[in-house]
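So the structure is just underneath, and the comments pick up after that.
Read the numbers this way: they start at 1 and go in the same order the structure lists the ligands and their atoms. From a predicted model like this one, the values you see are computed outputs, not experimental measurements.
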Amino acid sequence: MDKVLYEKYLGLVNEGLEEFLPENNTQRKTLFDAMRYSLLAGGKRIRPVLLLAVCDMFGYDLKKALPFAVSIEMIHTYSLIHDDLPSMDNDDLRRGKPTNHKVYGEGVAILAGDGLLNKAFEILSQSVVQSSDECYKKARALNYIAKSSGADGMIGGQIIDLEWEGKKIDEDILRMMHTLKTAKLLKAPIMASCELLDLGEEEKKALEEYADNIGIAFQIKDDILDVEGSSEKLGKNCGSDNQNLKSTYVSLFGLQESKNMLSNITQRAVENLKIFGDKAKFLEGLALQLKIRDN
Ligand code: GRG
């Protein structure tokens with residue numbers, strides 16, 4: 001992967017997050033502190049980086065793309081805060097730090113997640129209403145992000161996860177769960193960019209297939225890392241899938257077969273980019289990096 005370009009996108013995202021969610025020292029300080037605690041705790045920022053990278057490929061002004069990038073990261077961070085709650089996965093470590101509810105308590109953690117989710121849609125809708133010339137394209141991008149993170153997307157995946165805990169799952173349900181829970185929010189930045197860029201059908205289809213493939217590859221790698229990764233590098237506790245009696249690619253197919261699947265799907269993602277030639281070098285490198293990532 002082109003690390004220099006990744007750092008450039010990462011820098012823009014981190015500056016954007018600080019700009020769109022500054023400190024607030026009013027009566028609501030605790031809420032803002034809790035929101036900022038998880039949001040600014042680090043993380044790979046893959047979703048916003050994907051959005052900026054696709055926009056950059058086609059020369060879209062990254063300043064105009066930034067509200068979309070930071071909003072997706074806010075939605076992702078809210079999902080992590082809620083996922084870590086005692087009523088969900090009950091985790092005490094995230095992004096190398098104590099989870100939100102461990103620091104602020106459950107009530108504040110719930111509100112911090114809610115606050116981030118709403119802030120994301122406030123930023124997105126603000127970007128739509130402020131833009132007279134690109135209003136419709138931006139609204140389509142917003143709509144894609146809303147669908148991907150809601151009951152037909154990430155939240156829909158989470159309910160399947162919750163209801164199948166401790167039960168033996170088959171491949172179809174496992175795939176559906178991860179497509180909704182993980183892959184949809186990784187696909188959202190890519191498809192939202194397609195809307196912002198108003199790409200044609202052929203380019204959109206290629207990017208959609210790439211997005212579907214890296215979405216599933218990301219989850220398979222996540223399951224592998226839960227078994228053989230290092231808690232220190234991951235910044236979260238390993239082995240939690242096993243502890244929470246979760247069905248995963250590894251529990252269903254074994255470690256070696258999961259690794260084979262990961263390689264094949266990553267290869268397919270790389271092939272999806274062929275029509276773009278050198279313009280897609282960063283996205284190609286990112287897919288390969290996701291396969292070998294250790295956090
Ligand atoms: C609570 C509505 C709700 C949804 C939760 C995202 C999610 C759904 C749960 C997180 C649990 C989990 C480990 C999912 C697997 C894939 C995933 C989303 C991992 C975390 O994303 P990364 O690796 O994290 O991009 P960073 O910290 O780098 O941003």
Under 3.5 Å: N/O of D89 near N/O of ligand 1: no

Atoms in ligand 1 with a heavy atom of K181 nearer than 4.0 Å: 8 (C), 14 (C)

Contact with ligand 1 for R47, non-hydrogen, under 4.0 angstrom: yes

Ligand-side contact atoms (ligand 1) for residue partner H82, heavy atom cut-off under 4.0 Å: 1 (C)

Six-ring centre of Y9, R47 cation under 6.0 angstrom, axis tolerance 45°: no

Ring centres under 6.0 angstrom apart (Y249, H178): yes

Subset of ligand 1 atoms that lie under 4.0 Å from at least one heavy atom of K236: 13 (C)

Identity of the nearest option to atom 29 (O) of ligand 1, non-hydrogen atoms only, from E73, Q219, R95: R95

Nearest protein heavy atom with distance in Å, relative to atom 6 (C) of ligand 1: S79 OG, 3.2 Å

Nearest-contact summary for atom 5 (C) of ligand 1 - protein heavy atom, Å: Q158 OE1, 3.3 Å

Gap separating the CD atom of E73 from the CG atom of L40, nearest 0.5 angstrom: 10.0 Å

Atom 17 (C) of ligand 1: the protein heavy-atom neighbour that sits closest, reported with distance to 0.1 Å: F218 CE2, 4.0 Å

Numbered atoms of ligand 1 (with element) below 4.0 Å of I155, judged on heavy atoms: 2 (C)

Row check, Y210 ring normal vs R268 NZ/CZ: under 6.0 Å, within 45°: no

Within reach of ligand 1, part of D222 (heavy-atom separation under 4.0 Å): side chain

Carboxylate-amine/guanidinium proximity below 4.0 Å for R95 and D84: no

Under 4.0 Å to a heavy atom of Y78 - the qualifying atoms of ligand 1, by number: 2 (C)

Cation-aromatic face contact K274/F276, 6.0 Å, 45 degrees: no

Candidate pair I160 and M176, rule side-chain contact (heavy atoms from CB on, under 4.5 Å), full reasoning: CA-CA 9 Å; I160 299 175; M176 176 176 56; 3.8 Å; yes

Lys/Arg N to Asp/Glu carboxylate O, K236 vs D91, below 4.0 Å: no

Within-cut-off N or O pair, K44 and ligand 1, under 3.5 Å: yes

Interfacing atoms of ligand 1 (cut-off 4.0 Å, heavy-atom, T182): 15 (C), 16 (C)

Shortest protein contact, atom 11 (C) of ligand 1 (heavy atom only): D83 OD2, 3.1 Å

K246 with D89: basic N within carboxylate O range, under 4.0 Å: yes

Under-4.0 Å salt bridge between E209 and K205: yes

